[in-house]
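Just follow the structure's listing: the first ligand is 1, and inside any ligand the first atom is 1. For reference, positions follow the sequence shown, starting with 1.
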Amino acid sequence: MNKELNEVIKKLYQLEVNAEILKSNRPDLCDYQYNGTFDLAKIVHENPYEIGLKLKEALEKNIEVGKKFSKIECVKPGFLNFTLSDAYINEMLTDMIAEEKFAITMPKKETIVIDYGGANVAKPLHVGHLRPAIVGESIKRLLKYMNQDVIADVHLGDYGLQIGQVIYGLKEEGILPNEITIEKLSKIYPKISGLCKENDSIKEECASITKELQDGNAEYQDYFHSILEISKKDIKKMYDFLGVSFDLWLGESDAYTYIPSLTKELESLDLLKSSEGAKIIPVSEETDKIEIPPCIYQKSNGAYLYSTTDLATLYEREQDYHPNKVLYVADSRQGLHFTQVFRVAKKTNSLKNIECEFLGLGTINGSDGKPFKTRAGNTPRLEDLFLDIKTIFMNNEEHHTEYSESDLAKIINAIIKFADLQNNREKEYIFDIAKFSKTTGKTGPYILYTYLRTKKIIKNNENCIDNLSKTIYNVHDRNLRLKLLELNEIMQYAFKTRMPSVVANYLYEICVLVNAFYENNHINNLEENEKKKDWVTILNLTTNIIYTLLDILGMDAPSIM
Ligand code: ARG
């Protein structure tokens with residue numbers, strides 16, 4: 001409708017202004033509004049109300065406008081208020097019902113590698129690992145839904161210093177590669193990383209083990225493969241529980257094969273500089289507001305670093321998939337690292353055309369605003385956290401239902417995921433299990449509960465699903481229908497910004513409105529056939545949309561609640 005409005009303004013005032021009709025911030029008065037009369041008034045020296053009246057009159061003569069809006073009002077001191085016509089709303093909804101994927105406009109298809117999860121081998125899993133898994137999985141699903149060719153890679157942290165530390169610890173305790181267990185690993189890493197902080201010679205020893213491992217030392221390779229296998233199993237268990245899956249289970253160590261060719265290219269472009277025995281790549285730019293230090297490519301002892309493996313991995317991805325884009329979902333505090341890596345990539349010939357995006361994540365905090373701890377005061381192991389949530393959920397409300405293990409797993413998942421995904425991913429948030437486990441409020445259980453409720457009504461009235469009439473019956477009905485019409489815009493925005501929170505918040509709004517709809521409009525015993533048919537049809541569309549959005553958020557509904 002912006003087109004018609006701009007035409008009218010041009011005709012009346014000979015002005016090109018790019019006028020925009022916006023969603024109303026007073027939905028009780030109208031659905032859309034135009035507030036630009038005040039700016040126009042300054043240009044044409046006319047009273048805004050007078051301008052509004054003229055625009056209204058001219059717009060009403062336009063047939064397209066008349067089809068879409070049942071009412072255009074000009075109210076003092078000069079606002080234009082637009083009310084959509086019921087027939088038009090239903091026409092749009094009919095389109096959404098008929099078309100594939102609710103008639104959402106799909107972006108151009110691209111090949112996108114998404115790198116998320118990123119658990120570190122040999123370190124115990126804890127709550128800090130949740131966010132990159134949950135948010136990354138949801139972004140992956142969002143991209144796939146929007147027709148992108150997506151390749152998900154877990155990019156395990158498997159060749160860093162922690163491996164040298166763990167090998168050192170295992171050897172100290174006389175544990176052979178075939179005797180390693182996950183329990184032993186989870187004790188050794190914290191112990192040795194603590195020791196390294198106090199004792200420089202142990203720290204150096206661990207660094208040299210890491211370097212020799214990278215160079216192919218057979219004994220260390222044996223340890224490494226055993227650690228990798230055992231740790232991966234544990235990591236996989238967590239991702240399985242969370243419904244998080246990857247196409248590729250690669251890690252830093254897999255990129256090593258690509259380092260020689262990458263180094264050759266960097267050398268041929270004269271990008272590698274020596275600095276105190278190390279090899280670095282300067283990446284600062286004149287326009288930088290803060291200093292961006294050089295990217296360190298190789299340490300003076302010859303070992304490679306996090307940046308090196310990320311560059312080599314990009315090289316590997318380019319060779320294997322020729323991606324248009326590579327997305328990295330990781331802790332916001334890695335922003336500088338990715339800036340350096342992306343800048344180096346831009347300087348090369350083979351990687352410069354890949355668009356790299358860093359999607360940063362805020363931390364998960366406890367009620368005290370500090371990184372989340374268990375009730376016992378530790379950084380919780382994930383398994384304990386899941387148990388905690390289960391207990392709190394079951395004690396929270398009166399649950400008359402005996403849940404199966406698989407239903408409980410789905411509920412725990414929904415609690416954790418909706419708690420996380422409703423927040424802008426860049427912001428930190430407070431993880432309050434008691435609050436997020438309730439079946440009321442902005443919680444996972446509330447969403448699941450709403451979904452099961454609407455699904456049940458549909459199941460009982462399936463034979464009523466039909467074409468929509470032109471009628472809308474009351475305000476609850478209208479509010480819900482209007483909300484559904486926002487789907488296209490919401491999905492475009494979530495896709496563009498890579499923000500699952502946009503989807504989560506919209507899903508919540510739908511749930512609030514469909515509950516109001518249901519509570520005020522009793523469907524089951526309704527005798528008026530036409531109305532019942534319309535309402536069941538709208539509920540069916542709502543249920544399908546909720547299902548789709550739940551899936552994008554990685555949430556699965558239990559069989560009962
Ligand atoms: N393993 C890293 C960490 O725990 C996260 C990996 C992120 N992805 C990447 N390509 N660097 O901090």
Notebook entry, point to check: Angle class for the F338/Y306 ring planes (parallel below 30°, perpendicular above 60°, tilted otherwise)?
Noted result: perpendicular

Item checked: Closest protein heavy atom to atom 8 (N) of ligand 1, given as residue, atom name and distance to 0.1 Å -> D115 OD1, 3.0 Å

Check: Does atom CZ of F246 have more than 12 heavy-atom neighbours, drawn from other residues, nucleotides or ligands, at distances under 6.0 Å?
Finding: yes

Next item on the list: If you have a sec, work out which protein heavy atom is nearest atom 3 (C) of ligand 1 and how many Å separate them, to one decimal?
Entry: Q334 NE2, 3.6 Å

Note to self: Between ligand 1 and H337, is the shortest N or O to N or O distance under 3.5 Å?
What the structure shows: no

Return a table of donor-acceptor pairs under 3.5 angstrom between the side chains of residues 279-286 and protein atoms on other chains or two or more places apart.
{"from": "E285", "atom 1": "OE2", "to": "R343", "atom 2": "NE", "distance (Å)": "3.4"}

Next item on the list: Return the residue, atom name and 0.1 Å-rounded distance of the protein heavy atom closest to atom 4 (O) of ligand 1.
Entry: N120 ND2, 3.0 Å

Note to self: Please check: side-chain N/O of S253 versus main-chain N/O of D158, any donor-acceptor pairing under 3.5 Å?
What the structure shows: no

Item checked: Backbone or side-chain N or O of A330 under 3.5 Å from ligand 1 N or O -> no

Notebook entry, point to check: On the ring face of Y315, is R317 found with NZ or CZ under 6.0 Å from the centre and within 45° of the axis?
Noted result: no

Check: What atoms in ligand 1 come closer than 4.0 Å to a heavy atom of H155?
Finding: 8 (N), 9 (C), 10 (N)

Margin query: Among all protein heavy atoms in this structure, tell me which lies nearest to atom 7 (C) of ligand 1, with the distance rounded to 0.1 Å.
Written below: Y306 OH, 3.5 Å

Note to self: Among E357, Q148, E110, which residue satisfies the side chain to side chain donor-acceptor pair (under 3.5 Å) criterion with K325?
What the structure shows: E110

Note to self: Can you tell me which portion of Y116 lies within the under-4.0 Å heavy-atom range of ligand 1? Options are side chain, backbone, both, or neither.
What the structure shows: neither

Check: Do any nitrogen or oxygen atoms of Y328 lie less than 3.5 angstrom from nitrogen or oxygen atoms of ligand 1?
Finding: no

Checklist line | ligand 1 contact on D310 by region, counting heavy-atom pairs under 4.0 Å | finding: side chain

Notebook entry, point to check: With respect to atom 1 (N) of ligand 1, which of G118, G128, G157 exhibits the smallest heavy-atom separation?
Noted result: G118

Notebook entry, point to check: Does the E355 side chain pair with the main chain of V326, one donor and one acceptor, at a distance under 3.5 Å?
Noted result: no

Note to self: For F342 together with Y328, are the ring centres under 6.0 Å from each other?
What the structure shows: yes

